[in-house]
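Only heavy atoms go into these numbers, but all of them, side chains included; no hydrogens, no water, no symmetry mates. In the text below, chain A, chain B and the rest are named by the order of the sequence lines, each starting its count at 1.
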Amino acid sequence: MELNNNRKLTTTLFNPFVYIAGAQALGLGLGAILLAGLIGSLSNTHFDGVLDTHTGLHVPLWVFLAEGLADWLCLSLVLLIFGKIISNTAFRTIDLLGTQALARWPSLFISLIPLLPAFQRFSHDLVAQLTNPGGTIAYNTPDASIFFAGVTIMLLLLCWEVALMYKSYSVSCNVKGGKAIGTFIAGLLLAEILSKIALYWLLKLA
Amino acid sequence: MKNLPTTCPSCSGKLAVKRLYCENCKTEVEGLYPLPVLASLSQEDQEFILEFIKASGSLKEMAAILKVSYPTVRNRLDDVIVKLKQDKKTK
């Protein structure tokens, strides 16, 4: 049947939810979120918001793991509510939760980039410059090039992640067009705020 | 296999059956019979519905047969339902 033919690479990369959803996606997605948190902890990279990645303080490992889970839950719950409001179909919650978790898998690659020694050296130099504006720091050009290339790749990966998040919402709730895009953008902004609040309380616990 | 035409190539109106033919005894029956609702669907959609019935209406089984996810099958079914409802409205 046509539905199963022409399994193109682009569909697999940008809309894998045509093939995978539910508990299977949830298992793989949660694995990716936790692994990204674990890798992030090695370079103190925090996923401190639905769309955020920052290098920050050293905290216990469970905080790194919980950050990714909180980001995923905040967006999933907001989109679940929006989906229930605008969708004309009775969709399964597990599909939205699972595909939203799997949509975060590019964060695995994002967490790897700050492990580069040149990236870390340049980040350190930048922080030193910011904390001591009067001082002069001799920037290493190759380090700077690697840093900016890394940041560019991270931004591209983030765009890919957002595209996956939208596809997850569209496929799981069967919503399309302007209404779907509008509620997704609103959901993303709302979830970003919610995740910041959740992470504030999380850091208080730590 | 030829596709069954369901719309008029001239005015795009709905076609109806005027003549039926028995391949066994060559009898021809003339009248005016509306096409079945499912005939208005594309070949692909008709195959999908057939598979769906064979799977006892199980979306999970359909997903396994078509090697796609559960929401993909459900969305496809929703699309077919919308087409059938639109067809009913135009009638």
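Within a 6.0 Å radius of CG in Leu130(A), other residues, nucleotides and ligands contribute more than 12 heavy atoms. For Lys84(A), the NZ atom sits in a packed shell: over 12 heavy atoms of surrounding residues, nucleotides or ligands are nearer than 6.0 Å. For Tyr200(A), the OH atom counts as loosely surrounded, since its 6.0 Å shell holds 12 or fewer non-hydrogen atoms of other residues, nucleotides or ligands. Residue-environment remark: CD (Gln24(A)) stays at or below the threshold of 12 foreign heavy atoms within 6.0 Å. For Asn88(A), the CG atom is loosely surrounded, since the number of other residues' heavy atoms within 6.0 Å does not exceed 12.
Interface residue Ala90(A): only backbone heavy atoms are found under 4.5 Å from chain B.
Between Pro71(B) and Asp95(A), the closest side-chain pair of non-hydrogen atoms falls below 4.5 Å. Looking only at side-chain heavy atoms (C-beta outward), Phe91(A) and Arg74(B) come within less than 4.5 Å of each other.
The main-chain N or O of Ala21(A) is never found under 3.5 Å from a side-chain atom of Ser69(B) such that the two would form a donor-acceptor pair.
Distance check, rounded to the nearest 0.5 Å: CG of Asn75(B) to OG1 of Thr89(A) gives 7.0 Å.
Scanning all heavy atoms of the two residues, the minimum distance from Val18(A) to Thr72(B) falls at O-OG1, 2.9 Å.
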